Enquirer: 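My questions will all concern the structure given below.
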There are 2 protein chains.
Amino acid sequence: MPDPRRPITVALVDDYDVVLLGVAKIIDQYRDRVVVAEIDTNKPVRDDVDIVLYDSFAQPESDHHEIGALVRNPNARRVVVFTWNFHPDLIAKAREQGVRGYLSKALPARELVAALEKVHAGEFVVSEVAGRVRPANGLDWPGRGEGLTDRESEILALITQGLSNADVAAQTYLSPNTVKSYIRSVYRKIGAASRTQAVLWGVDHGFVPDHHRIDHWRGGP
Amino acid sequence: MPDPRRPITVALVDDYDVVLLGVAKIIDQYRDRVVVAEIDTNKPVRDDVDIVLYDSFAQPESDHHEIGALVRNPNARRVVVFTWNFHPDLIAKAREQGVRGYLSKALPARELVAALEKVHAGEFVVSEVAGRVRPANGLDWPGRGEGLTDRESEILALITQGLSNADVAAQTYLSPNTVKSYIRSVYRKIGAASRTQAVLWGVDHGFVPDHHRIDHWRGGP
DNA sequence: GACGCTACCCCCCCTAGGGGTGTACCGCCC
DNA sequence: GGGCGGTACACCCCTAGGGGGGGTAGCGTC
């Protein structure tokens with residue numbers, strides 16, 4: 001039952017807290033309407049929240065069971081996917097599993113918050129951003145400071161989890177050739193001569209999945 | 001000038017402190033004759049010591065300049081190499097660089113201490129252990145608890161530093177085929193399906209080189 | 001003496017990974 | 001308009017790495 005006087009509470013889910021902190025900062029600009037109640041890297045959602053926002057960074061897309069597990073968690077009223085990939089199949093699979101919103105990472109803060117409100121009000125929302133392919137302002141990812149793009153970062157993250165190129169291609173819905181292109185581009189940027197060296201760089205630069213729960217996030221320090 | 005009433009002071013040098021702590025415990029059985037004054041992983045020797053004991057675990061053998069740097073350090077009176085590899089060339093190279101002792105890792109504690117005393121007295125000591133190929137009691141290495149042998153551990157350590165198989169072969173004086181055999185044996189033991197996974201396992205199990213200096217080690221707790 | 005373990009080495013085979021280069025489409029900025 | 005950066009993909013080629021064997025030797029233990 002939406003209560004317009006109380007802000008919507010949201011839990012953020014992904015393996016990387018840099019990524020979630022970026023999202024949290026974006027949402028925090030509208031803290032009178034949406035508050036981030038919990039940030040979970042590799043931990044189940046614990047507090048009762050109105051919406052769980054599942055960030056797809058280096059995560060399985062909605063054709064996998066992870067999403068279903070979130071939907072089944074009684075602490076989460078509704079689950080929303082936050083991603084780049086708008087393949088119709090994925091949207092359909094998400095819907096089948098009970099997801100209530102499918103939002104683009106290109107959405108500016110205002111629209112993101114508006115979409116969350118619609119979901120909270122009971123709508124099923126798909127908000128693809130046509131044309132706008134660039135990440136929304138405020139998004140963050142590991143290696144961003146070192147000049148890696150969002151996609152490069154994601155692929156290095158998956159490699160740093162021990163996946164093969166084929167695994168990465170499957171999970172990201174990219175062609176194996178594309179994955180190789182990104183990997184080589186990463187090597188050049190970080191100065192790695194081999195996958196092993198890239199992984200070691202990753203370990204030192206925040207590409208190892210986190211395992212925390214941050215409760216009551218309120219805009220940081 | 002050896003003083004029989006004062007125990008010999010020793011600094012231990014290697015990239016892995018598990019390894020050095022093992023050596024320290026061995027020597028500590030004779031603490032009235034030899035004391036471990038300092039344990040250095042990736043740090044130059046700082047205290048004045050009578051002998052620097054260079055453990056060759058996952059380190060360049062004496063054909064490289066690392067040894068020369070130790071000999072040139074004014075804090076170190078004499079440098080001793082502690083290794084498995086007794087190729088005559090390596091012994092010669094060590095001698096050329098100013099090393100005063102070349103001791104086998106198969107030496108039991110008593111003989112090791114005796115050899116250190118001889119070095120301290122001014123002798124050049126080479127103590128190869130014919131036949132006895134097994135590590136002396138008390139030696140330790142990363143992954144030992146998980147069932148890796150000394151050699152397997154050493155090779156995983158080098159891989160976890162980003163070296164290629166060829167690099168590892170060159171540094172360990174093994175054939176590339178042998179290196180591959182060891183690697184596969186490690187994979188089986190730790191359950192890795194790829195080099196990347198093995199490296200990640202290594203990162204989690206103490207195979208990343210340390211960077212400490214432990215002063216005044218006195219037999220631990 | 002047989003057995004098991006470890007170190008060390010060899011061969012073959014085959015795929016995953018690494019490198020080069022080129023293309024297309026998009027959006028942004030000067 | 002042109003240039004640049006990002007995404008996404010294609011083709012080629014070639015080597016490092018991974019998987020399967022098998023073999024010798026020395027040691028320790030039963």
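Model, not experiment: these values are computed from the prediction.
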Enquirer: Specify the angle, to 10°, made by the local axes at the two ends of the helix from C:dG1-D:dC30 to C:dC30-D:dG1 when five pairs are taken at each end.
Expert: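 Axis angle across the helix from C:dG1-D:dC30 to C:dC30-D:dG1, nearest 10°: 30°.
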Enquirer: Does B:Lys43 have any side chain to side chain donor-acceptor pair (under 3.5 Å) partners at least two apart in sequence or in another chain, and if so, which?
Expert: none
Enquirer: What pairs with B:Asn177 under side-chain contact (heavy atoms from CB on, under 4.5 Å), at least two apart in sequence or on another chain?
Expert: B:Ser175
Enquirer: The test is salt bridge (charged side-chain N to carboxylate O under 4.0 Å, His left out); show your working for B:Asp28 and B:Lys25 and say whether it passes.
Expert: CA-CA 5 Å; B:Asp28 196 50; B:Lys25 281 205 188 113; over 6 Å; no
Enquirer: Check the distance between D:dG6's P and A:Arg144's CZ and give it to me in whole angstrom.
Expert: 12 Å
Enquirer: Listed in order of residue number, which residues of residues 158-191 of chain A have a non-hydrogen atom at under 4.0 Å from DNA chain C?
Expert: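 When residues 158-191 of chain A is checked for heavy atoms under 4.0 Å from DNA chain C, the hits, listed by number, are A:Ser164, A:Asn165, A:Lys180, A:Arg184, A:Tyr187.
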Enquirer: Which residues in residues 148-156 of chain A have at least one heavy atom lying under 4.0 Å from any atom of DNA chain D?
Expert: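 Listed by number, they are A:Thr149, A:Arg151.
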Enquirer: Residues in ring-ring contact (aromatic ring centres under 6.0 Å, His included) with B:Phe207, at least two apart?
Expert: B:Trp201
Enquirer: If I take atom NE2 in residue B:His87 and atom P in nucleotide C:dA7, what distance separates them, rounded to the nearest angstrom?
Expert: 16 Å
Enquirer: For residues 86-103 of chain A, which side-chain donor-acceptor pairs fall under 3.5 Å, sequence neighbours excluded?
Expert:
unit_1: A:Gln97; atom_1: OE1; unit_2: A:Gly68; atom_2: N; d: 3.1
unit_1: A:Gln97; atom_1: NE2; unit_2: A:Ser62; atom_2: O; d: 2.7
unit_1: A:Gln97; atom_1: NE2; unit_2: A:His64; atom_2: O; d: 3.2
unit_1: A:Arg100; atom_1: NH2; unit_2: A:Gly122; atom_2: O; d: 3.0
unit_1: A:Tyr102; atom_1: OH; unit_2: A:Asn85; atom_2: O; d: 3.0

Enquirer: If the condition is salt bridge (Lys or Arg N to Asp or Glu O under 4.0 Å), which residues does B:Lys105 pass it with, not counting sequence neighbours?
Expert: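 B:Lys105 satisfies salt bridge (Lys or Arg N to Asp or Glu O under 4.0 Å) with B:Asp55 once adjacent residues are dropped.
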Enquirer: Return the set of residues passing side chain to side chain donor-acceptor pair (under 3.5 Å) with B:His212 (not counting sequence neighbours), or none when no residue passes.
Expert: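 Only B:Asp17 meet the side chain to side chain donor-acceptor pair (under 3.5 Å) criterion with B:His212.
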Enquirer: Test of understanding: with ring-ring contact (aromatic ring centres under 6.0 Å, His included), list the residues that count as partners of B:Tyr16, not counting sequence neighbours.
Expert: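 Counting only residues at least two positions away or on another chain, B:Tyr16 forms a ring-ring contact (aromatic ring centres under 6.0 Å, His included) with B:Phe57.
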Enquirer: Would you please name every residue forming a side chain to side chain donor-acceptor pair (under 3.5 Å) with B:Arg33, sequence neighbours left out?
Expert: B:Glu117
Enquirer: Taking only residues two or more places apart in sequence, or in another chain, which ones meet A:Ser56 in a side chain to side chain donor-acceptor pair (under 3.5 Å)?
Expert: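 Side chain to side chain donor-acceptor pair (under 3.5 Å) check on A:Ser56 returns A:Thr83.
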Enquirer: Taking atom P of D:dT7 as reference, at what distance in whole Å does atom CG of A:Asn85 sit?
Expert: 14 Å
Enquirer: Quick check on D:dG6: is either OP1 or OP2 less than 4.0 Å from any side-chain nitrogen or oxygen of A:Arg134?
Expert: no
